[in-house]
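Values below: every heavy atom of this structure, side chains too, minus hydrogens, waters and symmetry copies. Protein chains get the first letters and strands the later ones, always in sequence-line order, with residue 1 at the start of each.
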Protein chains: 2
Amino acid sequence: MVLARSPDPDVPRAIIAAATRLFAAQGFDATSLQAVADEVSLTKQAVLHHFPSKEHLRQAVLGAILAHWNDTLPRLLLAAAASEDRFEAVFGELSGFFAADPDRARVVLREALDRPAEMRKLLRGPVRPWLEAVAGYIRSGQAAGKHHADVDPEAYVVQVMLFVISAVATASVMQGALDDDARARSDKELARIARASLFTPARPRGGALPTR
Amino acid sequence: MVLARSPDPDVPRAIIAAATRLFAAQGFDATSLQAVADEVSLTKQAVLHHFPSKEHLRQAVLGAILAHWNDTLPRLLLAAAASEDRFEAVFGELSGFFAADPDRARVVLREALDRPAEMRKLLRGPVRPWLEAVAGYIRSGQAAGKHHADVDPEAYVVQVMLFVISAVATASVMQGALDDDARARSDKELARIARASLFTPARPRGGALPTR
DNA sequence: CCTACCGATCGGTAGG
DNA sequence: CCTACCGATCGGTAGG
């Protein structure tokens, strides 16, 4: 009888998921390996078996988010190329990516505050192609007169990405801050700001025009 | 001969200033009282003499930022009431407040991530009158046809405030992320987005219109 | 304000 | 020899 368990590939995954939740809620420094271990009912040493240091665990958490990004966004970009309304497709997928798991937004925003240099590397590296593609869409929209001529395409994309991340990350602050519907109003207004600052008044396709 | 120093009111101020820098850079949990003490060449126990706990020091740091806000913004609001271009006056002062000391933006953003409930209290309390006043300006601008009818005034003000704070707090991420001028481009694009998403096309006063 | 400490907990590593 | 851990404890440092 062999009682030894076979290697369980879900254990590292569960550790990463727990660490993501805790890093998002409290930050990396404020989260102990013991707290991560408690979340998955393991000892601290068991966690250190899978990730030889806390730093390795941090890299794994960021890597999982980036992998998910690389998995989701390119597909969307291809769909957007065929879509009749690229803005709604791209903006919807961008905010959908972070809204699907707000912890992603919180981890990324904390990382930007704690380690700006590493965040800059992500922008210059893995995120760059996606950013350039969307900026390219805006440039062709400008050529067609669909988008404002004074939009700075790259800066616009980076800013809107930052807005979405910040809005999702701090969403709980809005919960009832203005009124009971404050979050829904804020989400809607964010989309409106992104849209209205991009499109020229005579927007060819209807649905989101001012009602007046 | 009395050699004892008279109480120095600048010591607490210097401690708050040092704590603000460290909280902004590393976060509250990752900053030790010893690190704060080292910054002002005191012992940890001396810091605890002025602020009986780390929590008291945190409250003092936030209080100093809020006091500065209450000191600066109402004055601006009165000036804006008389100004010919309220948007530039209000947006300029808002971004100026945080750009004057980016640590303010970083501390506030970290606080929003770490303690959303307390941040919500600020929004519902001390920040509320300022927010309502600016929203009121937007409403009268809408009545005059100057601003888009589908702007949600309160949501717009809160979102733009969040954008400014996030942009200032993460500014170092942008340093050279796109090109050597990335930060200046981002700042300019942020102002453009806030402006273009608010004003109707036929803006009565020139200076910031699209050039085409 | 300092010296001298406390209970606890930190990230990480030992042998088995 | 491997994996997947365990109980115990390392040297330092946390807030107070």
Side-chain angles (χ1 to χ4, degrees), chain A residues 1-64 107 110-111 114-115 118, chain B residues 1-63 107 110-111 113-115 118:
Chain A
M1 292 305 196
V2 178
L3 291 176
R5 278 179 259 157
S6 59
D8 189 347
D10 285 344
V11 167
R13 253 196 289 266
I15 294 172
I16 289 175
T20 302
R21 284 195 300 273
L22 291 169
F23 290 174
Q26 315 168 348
F28 177 78
D29 287 294
T31 301
S32 66
L33 285 176
Q34 188 60 60
V36 176
D38 290 347
E39 278 278 303
V40 288
S41 298
L42 290 176
T43 62
K44 185 178 61 170
Q45 295 82 350
V47 172
L48 284 167
H49 168 75
H50 292 283
F51 302 93
S53 75
K54 201 186 180 189
E55 173 62 21
H56 281 82
L57 182 53
R58 188 181 74 80
Q59 300 279 3
V61 165
L62 284 177
V107 167
R110 284 188 186 278
E111 207 61 20
D114 292 341
R115 294 167 190 83
E118 297 199 22
Chain B
M1 291 304 194
V2 178
L3 290 177
R5 279 181 257 156
S6 59
D8 188 346
D10 286 345
V11 168
R13 253 196 290 266
I15 294 173
I16 289 175
T20 302
R21 283 196 301 273
L22 291 168
F23 291 174
Q26 315 167 348
F28 176 78
D29 287 295
T31 302
S32 67
L33 285 175
Q34 189 61 58
V36 176
D38 290 347
E39 277 280 301
V40 289
S41 299
L42 290 176
T43 62
K44 184 177 62 169
Q45 297 81 354
V47 172
L48 283 167
H49 167 76
H50 292 284
F51 302 94
S53 76
K54 202 188 180 187
E55 174 62 22
H56 281 82
L57 182 54
R58 188 181 73 83
Q59 299 280 2
V61 165
L62 284 178
V107 167
R110 285 187 186 277
E111 206 61 21
L113 287 167
D114 291 341
R115 294 167 191 83
E118 296 199 23

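- Comparing dG15(D), dT13(C), dC5(D) against the side chain of Leu48(A) picks out dT13(C) as the nearest.
- What separates CD of Gln45(B) from P of dA4(C) is a distance of 11 Å, to the nearest Å.
- With rounding to whole Å, Ile15(A) atom CD1 is found 11 Å from dA4(D) atom P.
- The CG atom of Leu42(A) lies 10.5 Å from the NE2 atom of His49(A); values are rounded to the nearest 0.5 Å.
- Interatomic distance, CZ of Arg58(B) versus CZ of Phe51(B), reported as 13.5 Å (0.5 Å rounding).
- The separation of dA4(D) from dG16(C), taken at their P atoms, amounts to 22 Å, rounded to a whole angstrom.
- Between Val61(A) and Ala19(A), the shortest heavy-atom contact is CG2-CB, 3.7 Å.
- The Ala46(B) side chain lies nearest to dC1(C) when the options are dC1(C), dC5(D), dT3(C).
- Rounded to whole Å, the distance from CZ on Phe51(B) to P on dG16(D) is 14 Å.
- In terms of modelled atom types and a separation under 3.5 Å, the side chain of Arg110(A) and the main chain of Phe23(A) share a donor-acceptor contact.
- The closest donor-acceptor contact from the side chain of Lys44(B) to the backbone of Ser32(B) lies at 3.5 Å or more, if one exists at all.
- Nearest nucleotide to the side chain of Lys54(B), out of dC5(D), dG15(D), dT3(C): dG15(D).
- Here the shortest heavy-atom pairing between Leu48(A) and Ser53(A) reads CD2-CA, 4.0 Å.
- If you check residues 31-41 of chain B against DNA chain D, the residues with a heavy atom closer than 4.0 Å are Thr31(B), Ser32(B), Leu33(B), listed by number.
- Interface remark: the Lys44(A) side chain does form a donor-acceptor pair with the dG11(C) base, using a distance-only criterion of under 3.5 Å.
- Atom CD of Gln59(A) and atom CG of Leu62(A) lie 6.5 Å apart (nearest 0.5 Å).
- In secondary-structure terms, DNA chain C builds no stem of at least 3 consecutive Watson-Crick or G-U pairs having both distances under 3.5 Å.
- Taking CG of Asp10(A) as the start and CD1 of Ile15(A) as the end, the distance is 11.0 Å to the nearest 0.5 Å.
- Of all non-hydrogen atoms in Asp29(A) and Lys54(A), the two that sit nearest each other are O-NZ, 3.8 Å.
- For His49(A), no side-chain nitrogen or oxygen approaches OP1 or OP2 of dT13(C) to under 4.0 Å.
- Checking dC5(D), dC6(D), dC1(C) against every side-chain atom of Leu42(B), the shortest atom distance belongs to dC1(C).
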